[in-house]
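All of these numbers come straight from a predicted model, not from anything done at the bench. Residue numbers count from 1 along this sequence.
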Amino acid sequence: MIEIKPELSKKFFEVKDKVISNNKDVLAIAAIFLLSLIFFWNIIGTGTVMNNGHYLHEQTFFTYNYKYALEHGTLPFWTPYWYSGQPLFGDSQVFFLNLTFIFMVLFRNVFLAIDLSTLIYFFTGGLGMYFLVKCLIESRSAAFISSIIFMFNGIIYTFVTSGNPSILEPYSLIPLIFLCLVKARNAKNPVNFSILAGVLLASQVLSGGAQVFLYTIVLVALYLAIICISSNFKKDLSRAFAIGLIVMIIFFGMSAVKLLPGLDFAKKTNRAEGVNYAEYLGGDQFVFRDFFKIMVFNIPHSNVYFGIAASVLGLSSLFFWRKRIVLFLMFVSVFILLLGSGGFLAKLFYNYVPVFSQTRHIGRSLFVFVFAFSVLAGYGFLHLSEFIAKKFKASGIMKNILFAALVLLILSELVFAKGIPQGLNIKSQLEQNELAKYLQEQKEKFRITTFDVDDIVSFYDSSYYAQYGLETISGGGGVWFNDITSYIAIAKNYNASKLLGLLNLKYAASTEIIDAPGFRLAKKFEECIPCNESGWTYWIDGPYLYENEDFMPRYYLVDNSVLILGDEKQAQQLAYGILLNRNFNPKNTVIIQGKQNVDEYGIDFLRKFNAIILLKGSVDGNSFRLLEQYKSSGGHILPDILSGENVIDISEIEEIMGSFRGSLVNVDFKTISQNEIELMPKNKGFLVLSERFSGFDDWRAESGEKQFDILKADGMISAVYVDSPSAINFKFLPKSFIAGLIISLSILLIIFIYGLLLVLKRLKALRKAKPGAH
């Protein structure tokens, strides 16, 4: 008889149990993935995207810009498709180095990249919650319950199916971030998990989900604070400090490549000075008096919906209130509900916590509440299972039946009753939109718009038409530049064809015949049937196309120029007044908004202008010598302070404008990428670019070793003075990106070296552990 040693028998059963345990985890993970796949079944494809505005317009827009940039060997630092051109990479809503980016590199298909990344983010959220709750509770059933609640609750269902999809990726990482914090808190060496938590936090910013990141930081801060409350305060405080320090260093380092351009971008936008309190609150605050109606019965417009089954499980976790983690999650839930309700806590954050005054919709903090409640629901399931087992002496089969029934009930309330997301065949729209295809075939460089979308900051038309390579004067999202939106608003209210013509606007689409001064009907197209299948795209095919009779080319030279000096706001107002004046002819004259004081220029520069207009603060005691030299060379000064005049006479400006003669000369160009163009002027004079380059310091213009100043022209666009014909290269490369890239690569190198040292240490330990090793 063969004798089996007891230690071998014990080892065999340990391995067997581990294999069975792993198999059960594999089944649970497979079920989570299958649910994710079924949920998104209607949208997966190379020509399909989810049927809502953010997916159809915003996500396709961002992804198309990456596709175009990658084809030209660069990144989309600048987009020519929004607001007559503006920075894109720095926008906090725009992703970088996430799954959408990776799939775009792999498949070169905008829609497939979006669809696959959406599916995997959704699955990742469920997977992360499964591992977190299994770690906390050691119950696969509880972990699975928490997982499906976290995936399908009302707030994420709303944001995935009809809201902003850039929410999904940072949201899906919250459980994994918290799991790393728990592991770091309990590990002998907290460094490894702290590094991982920092990398995941950085991924939230890289994904374009900066707002969810802010609320995740609140969760992280609360957890690090709560672990210090113990009998061993000094030790736990030092550990919490170490974890927090490592997490933030790694976070900042890894995200610097996106974070620094984002901070630079924000300084020039409507968020620079913060938003007003009403905008900060938004319209989606949590209402305590409707607590059960919102969570359980899904009253209209309630995002924090869990349904009856999940709500009962979450509230059942109260029976475990003595557990430290449960007490913490309950505290987090109450804290976030108070914050998301727009009460005193929201006011406190608005006034005293950095960055919060620049955000909108405080109700989005409820993403953290949903996370906490999903974990608590797992504890509630554990209590219910233990109660039934003890009360009714339920067998394993009965427990499984209870588990299955609860899963079905939760899915019925959160998914089946609402339906799964519907896809739209956008490929058919793109192929059958005759108006857009006609514009795409035009050789001239121009911009377009639509008469059907009145909202200046609506992203719809600009985002959609980008897929044809068509550029627009409008843009979208919650962040914008006030100068261009003000310009467009003035144009729409006063002289649209002329002011928009300066922005290189040639065509405008309309769903019906209209009477717009300065625009003539150019063509009517066949109706695009697939375009009418969605309320988000019914107007994209016209069918009526109008042409702007005051259209101006993209790049041209003019004979005459006027310089405005003085206070920036006054100069802008005067520039608008001149542009709207009937005597101003943009085909022969350019208006340049200069610096504050005459003394900031040399006489050679001043002599390039036919006239100089002096505003408040533009002259001091040293200015008269320059002005005398300028006037003696034949230049006009308004008001002529050398002759004792102190007030600008508008009639004089009109008279001078009316006296200018000449016509523009088109300038040849070569597009190198969306961040770089080359212009080839053949004459001297002011080269006018219908581009917003002058508003951003990172644009550079050079010809060989010579650098050109990019001047603000005609209220919004740009100009450079050409004193000898030569090719001029214009390039946009944000300095903040270079700085961020250096920091991120440095931190990445440190992480790599640290990981390599860990591997070498592990290999050394394994060699020592081998029998006979010396």
Side-chain angles (χ1 to χ4, degrees), residues 52-54 57-58 82-83 86-88 90-94 155 158-159 162-167 170-171 204-205 208-218 259 262-288 290 294 300-304 335-370 453-460 462-463 474-490 492-493 569:
N52 74 56
H54 280 285
H57 299 290
E58 191 175 81
W82 260 10
Y83 291 125
Q86 71 169 47
L88 183 71
D91 190 335
S92 62
Q93 305 169 94
V94 179
I155 193 169
T158 300
F159 271 91
S162 63
N164 192 335
S166 62
I167 294 293
Y171 172 84
Q204 288 187 310
V205 170
Q211 191 169 16
V212 177
F213 159 75
L214 281 179
Y215 304 131
T216 307
I217 282 293
V218 173
L259 190 64
L263 294 173
D264 202 31
F265 179 92
K267 291 175 184 176
K268 291 181 175 289
T269 69
N270 61 312
R271 302 290 183 91
E273 303 299 326
V275 299
N276 61 56
Y277 190 66
E279 194 175 1
Y280 161 76
L281 291 179
D284 53 357
Q285 304 103 297
F286 184 81
V287 182
F288 273 99
D290 293 328
I294 292 172
H301 310 299
S302 67
N303 290 334
V304 192
F335 185 92
I336 295 298
L337 287 179
L338 288 171
L339 180 62
S341 67
F344 73 94
L345 196 58
K347 188 82 171 180
L348 191 69
F349 270 67
Y350 179 80
N351 289 329
Y352 301 108
V353 180
V355 185
F356 272 81
S357 63
Q358 294 176 305
T359 64
R360 301 189 304 163
H361 299 289
I362 191 62
R364 292 180 185 177
S365 61
L366 296 173
F367 286 115
V368 175
F369 167 73
V370 167
V453 179
D454 293 326
D455 187 355
I456 294 172
V457 296
S458 170
F459 54 76
Y460 305 143
S462 49
S463 307
S474 56
V479 181
W480 57 82
F481 294 88
N482 289 326
D483 58 348
I484 184 65
T485 54
S486 297
Y487 184 97
I488 295 172
I490 290 171
K492 287 191 172 186
N493 286 311
K569 289 184 178 180

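- Residues that satisfy the ring pair (Phe, Tyr, Trp, His ring centres under 6.0 Å) test with F213, not counting sequence neighbours, are F251.
- Residues in residues 340-358 take part in no salt bridge (Lys or Arg N to Asp or Glu O under 4.0 Å) pair, two or more places apart or across chains.
- Here salt bridge (Lys or Arg N to Asp or Glu O under 4.0 Å) pairs that include residues 266-277, with residues two or more places apart or in two chains, number zero.
- The side chain to side chain contact (heavy atoms under 4.5 Å, CB included) test with F265 is passed by exactly one of D91, L88, V94: D91.
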Ignoring hydrogens and angles, write down the donor-acceptor pairs under 3.5 Å from the side chains of residues 476-484, residues two or more places apart or on other chains.
{"residue": "W480", "atom": "NE1", "partner": "N482", "partner atom": "OD1", "Å": "3.4"}
{"residue": "D483", "atom": "OD1", "partner": "R692", "partner atom": "NH2", "Å": "3.3"}

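- Here the closest non-hydrogen pair linking A346 and L281 is CB-CD2, 4.3 Å.
- Pairing each heavy atom of V212 with each of Y171, the nearest pair is CG1-N, 3.9 Å.
- Expressed to the nearest 0.5 Å, how far CG of L214 lies from CD of Q358 amounts to 9.5 Å.
- Applying the side-chain hydrogen bond (donor to acceptor under 3.5 Å, both in side chains) test to Y487 and every residue at least two apart in sequence or in another chain returns nothing.
- Under the side chain to side chain contact (heavy atoms under 4.5 Å, CB included) criterion, N493 pairs with no residue at all, not counting sequence neighbours.
- For T216, the side-chain hydrogen bond (donor to acceptor under 3.5 Å, both in side chains) test picks out Q204, with sequence neighbours left out.
- Remark: Y350 pairs with Y277, Y280, S357 by the side chain to side chain contact (heavy atoms under 4.5 Å, CB included) rule, at least two apart or across chains.
- With a 4.5 Å cut-off on side-chain heavy atoms, I362 and Y215 count as touching.
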